Amino acid sequence: MTEQSVIVDGGRLTIEDICHIANQTKTLQISDAAEFKDRIDKGAQFVNKLLREEGVVYGITTGYGDSCTVPIPLEYVADLSRNLYTFHGCGLGAHFDQAQTRAIMAVRICSLAQGFSGIRYQLLLQISQLLKHDILPLIPQEGSVGASGDLTPLSYLAAVMAGEREVCYQGQIQSVETVFNALAITPLKLNPKEGLAIMNGTAVMTALACLAYQRAAYLSQLCTRITSLVSVALLGNAGHFDERLFAVKPHEGQIKVARRIREDLSVVSQVSRNDARLQDRYSLRCAPHIIGVLEDALPWFRQFIENELNSANDNPIIDAENERVLHGGHFYGGHIAFAMDSMKTAVANLADLMDRQMAQLVDPKFNHGLPANLSGATGEQAMLNHGFKAVQIAVSAWTAEALKLTMPASVFSRSTECHNQDKVSMGTIAARDCIRVLELTEQVAAAALMAAVQAVELRGKDQPLSANLNTTLSQVREHVPFLETDRALEQALRLCLQPIRDQHWSLY
């Protein structure tokens, strides 16, 4: 076990741990400590004891959901887990990508490792073996209402562990049976309660939430840097970010954003604060207030996400220590649903902010002397060139789509499954919406960043800039040259978008 490993031993994992595993910057390893093994296996042993004593336990000696009143004879109990993942194999839509799938598997391991799910230690090893070899179940994105957990998507993980369905391995879609045979991996026949333990939880929505958190935190910083560049390009009033000004409205995240902008504008403000313009438009003057909402929300997003990550969230809970079976609703994803609905709103507001800033940059009525549409063309060619005109239209489209998706998914609960699941979280839909809003906002940020760098250079290369802003200009220009005459900008946008999604550029 090395520093490049995330150790699963029932202790708390972080959002960063899950993201490292998802992006393969660290590996996951299951603890081999005897105490941990015994604690996990004790749950499975207690389930076996209940079966020997012919106890009635939901999902072990009964049917599922509304069918909990249907008794299952002991001779059929061994088939119940397979039946569960089989009939739930009805997902549709695109498959989760590879990073998302790794995150889903890691999150499920973390929950099961809490020791309250009635599973064998061997089951944890089976999931970790999939991650070790990067054998990734093909999991459709659509089909979960977020309570009774992510049943349908997680059924694909359960089936793959048992040697059924398809996986992505070495870049190819193959039957898991073929891959297991090639690697001499033995399929795991799931014991009573194990199918339910894998499927009846919040792993999918929580995994997406972990990935969303990192992207949102990075976008907050990037939007701040873009605001600083736009302020320089529009000859903005640096006094709008004065430390004393923000001391009288002490939202911590808002103060942090204003401080970052002050640092970015330190050289500019020393040379010329441009106090002649009393007040800039809101998309500059209020940027710390807009970005600050997300910054202030990040700590409680983390609390919600990491508490869910480190929880036992299936049903029933197996308390082997006290030999109790506790029936409840820990599969309900309400906290993740609320966090994702809130996050997508805060992130979409960043898209809207950058859209408004870009509208100022390209419009000669508002950009204080910059060329129309930030065109770099001169002379006779100037009349033919339209610079960032079409990009600004595209930014408007991406922003509108992001804003449209901010309707909270959590309020669209539907009664399902014979009215047993009559109030559900919609957490997975909220998380998927949030991922899409992040994608769109990253596209807006790529375009706004390119436009802001173009605008700063058009304003004049002899203007003083802080080290922070010079670094960002250099990083962008490594990918995207100055737009002198019109050219198709799709590839430039993609080249700028990738380091944003990879969080490659250091900001603050």
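Here the structure is a predicted model, which means the values were calculated and not measured.
- Ring to ring, Phe180 and His133 are not that close: their centroids are 6.0 angstrom or more apart.
- Here the closest heavy-atom approach between residue Pro137 and residue Thr101 is recorded as O-CG2, 3.5 Å.
- The aromatic rings of Phe36 and Tyr121 sit perpendicular to each other, their planes meeting at more than 60°, with 30° as the lower class boundary.
- Judged by distance alone, the side chain of Gln141 and the main-chain N or O of Thr428 form no donor-acceptor pair under 3.5 Å.
- Salt-bridge formation is detected for the pair Arg302/Glu16: a Lys NZ or Arg NE/NH1/NH2 atom is positioned less than 4.0 Å from an Asp or Glu carboxylate oxygen.
- Remark: the backbone N or O of Glu177 is paired with a side-chain donor or acceptor of Asn181 at under 3.5 angstrom.
- With a 4.5 Å cut-off on side-chain heavy atoms, Leu131 and Ile109 count as touching.
- Summarising the geometry of Ile305 relative to Ile336, their closest heavy-atom pair is CA-CD1, 3.9 Å, with the distance given to 0.1 Å.
- Within the 3.5 Å criterion, the main-chain N or O of Gly253 finds a donor-acceptor partner in the side chain of Asp296.
- Of all heavy-atom pairs spanning Ala430 and Ala337, the tightest one is CB-O, 3.9 Å.
- With no hydrogens or angles considered, no side-chain donor-acceptor pair links Glu308 and Thr206 at under 3.5 Å.
- For Ser413 against Asp422, the heavy-atom pair with the smallest separation is OG-O, 4.3 Å.
- Between Ala402 and Val437, the shortest heavy-atom distance links the atoms O-CG2, 3.7 Å.
- Inter-residue side-chain proximity for Val47 and Asn191 is flagged as unmet; no heavy-atom pair is nearer than 4.5 Å.
- Pairing each heavy atom of Lys249 with each of Gln254, the nearest pair is O-NE2, 3.4 Å.
- For Thr441 (side chain) and Ala351 (main-chain N/O), no donor-acceptor pair under 3.5 Å exists by modelled atom type.
- The ring-ring contact (aromatic ring centres under 6.0 Å, His included) test with Phe338 singles out one residue from Trp300, Tyr332, Phe301, and that residue is Trp300.
- Between the side chains of Ser5 and Thr27, at least one donor N or O lies within less than 3.5 Å of an accepting N or O.
- Between the side chain of Ser111 and the backbone N or O of Val107, no donor-acceptor pair lies under 3.5 Å.
- A heavy-atom distance below 4.5 Å is not found between the side chains of Thr399 and Arg356.
- Looking only at distances, a side-chain donor or acceptor of Asn315 sits under 3.5 Å from a matching main-chain atom of Gly328.
- Using a 3.5 Å distance cut-off with no hydrogens or angles, the side chains of Asn23 and Thr25 do not pair a donor with an acceptor.
- Atom CG in Asp352 sits 12.0 Å away from atom OG1 in Thr345 (nearest 0.5 Å).
- Within the structure, every pair that satisfies the salt bridge (charged side-chain N to carboxylate O under 4.0 Å, His left out) test and touches residues 198-223, not counting sequence neighbours, is listed here: Arg215-Glu442.
- Proximity of a side-chain donor or acceptor of Glu166 to a complementary backbone N or O of Ile173 within less than 3.5 Å is not detected.
- In this structure, the side chains of Tyr213 and Leu298 come closer than 4.5 Å at one or more pairs of heavy atoms.
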TODO: Check the pair Asn310 / Glu306 against side-chain hydrogen bond (donor to acceptor under 3.5 Å, both in side chains), numbers first and verdict last.
DONE: CA-CA 6 Å; Asn310 292 286; Glu306 290 188 347; 5.6 Å; no
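- Tyr85 places a side-chain heavy atom less than 4.5 Å from the side chain of Leu190.
- A donor and an acceptor atom, one from each side chain of Ser220 and Glu295, are located under 3.5 Å apart.
- Looking at Leu151 and Gln421, their side chains come closer than 4.5 Å, going by heavy atoms from C-beta outward.
- When each of Arg225, Arg259, Glu263, Arg260 is tested with Tyr508 by the rule side-chain hydrogen bond (donor to acceptor under 3.5 Å, both in side chains), just one qualifies, namely Arg225.
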Assess the residue pair Asp264 and Ser228 against the criterion (side-chain hydrogen bond (donor to acceptor under 3.5 Å, both in side chains)); give the C-alpha distance rounded to whole Å, side-chain angles, the decisive distance to 0.1 Å, and a yes or no. CA-CA 6 Å; Asp264 286 347; Ser228 300; 2.8 Å; yes
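- Qualifying salt bridge (Lys or Arg N to Asp or Glu O under 4.0 Å) partners for Asp134, counting only residues two or more places apart in sequence or in other chains: Arg102.
- Under a 4.0 Å N-O distance rule, the pair Lys404/Glu401 does not qualify as a salt bridge.
- Judged by distance alone, the side chain of Asp150 and the main-chain N or O of Met205 form a donor-acceptor pair under 3.5 Å.
- Panel note: side chain Arg108, backbone Ile198; a donor-acceptor pair is recorded below 3.5 Å.
- Leu211 has its side chain within reach of Gln100: a pair of non-hydrogen atoms, C-beta onward, lies under 4.5 Å apart.
- Using a 4.5 Å cut-off on side-chain heavy atoms (C-beta onward), His479 and Gln498 make no contact.
- Classification of Glu490 and Arg494 as a salt-bridged pair holds, one side-chain N sitting under 4.0 Å from a carboxylate O.
- Using a 4.0 Å cut-off between a side-chain N of Lys or Arg and a carboxylate O of Asp or Glu, Asp17 and Lys26 do not qualify as a salt bridge.
- At distances below 3.5 Å, not a single donor-acceptor pair connects side-chain atoms of Arg432 with backbone N or O atoms of Leu208.
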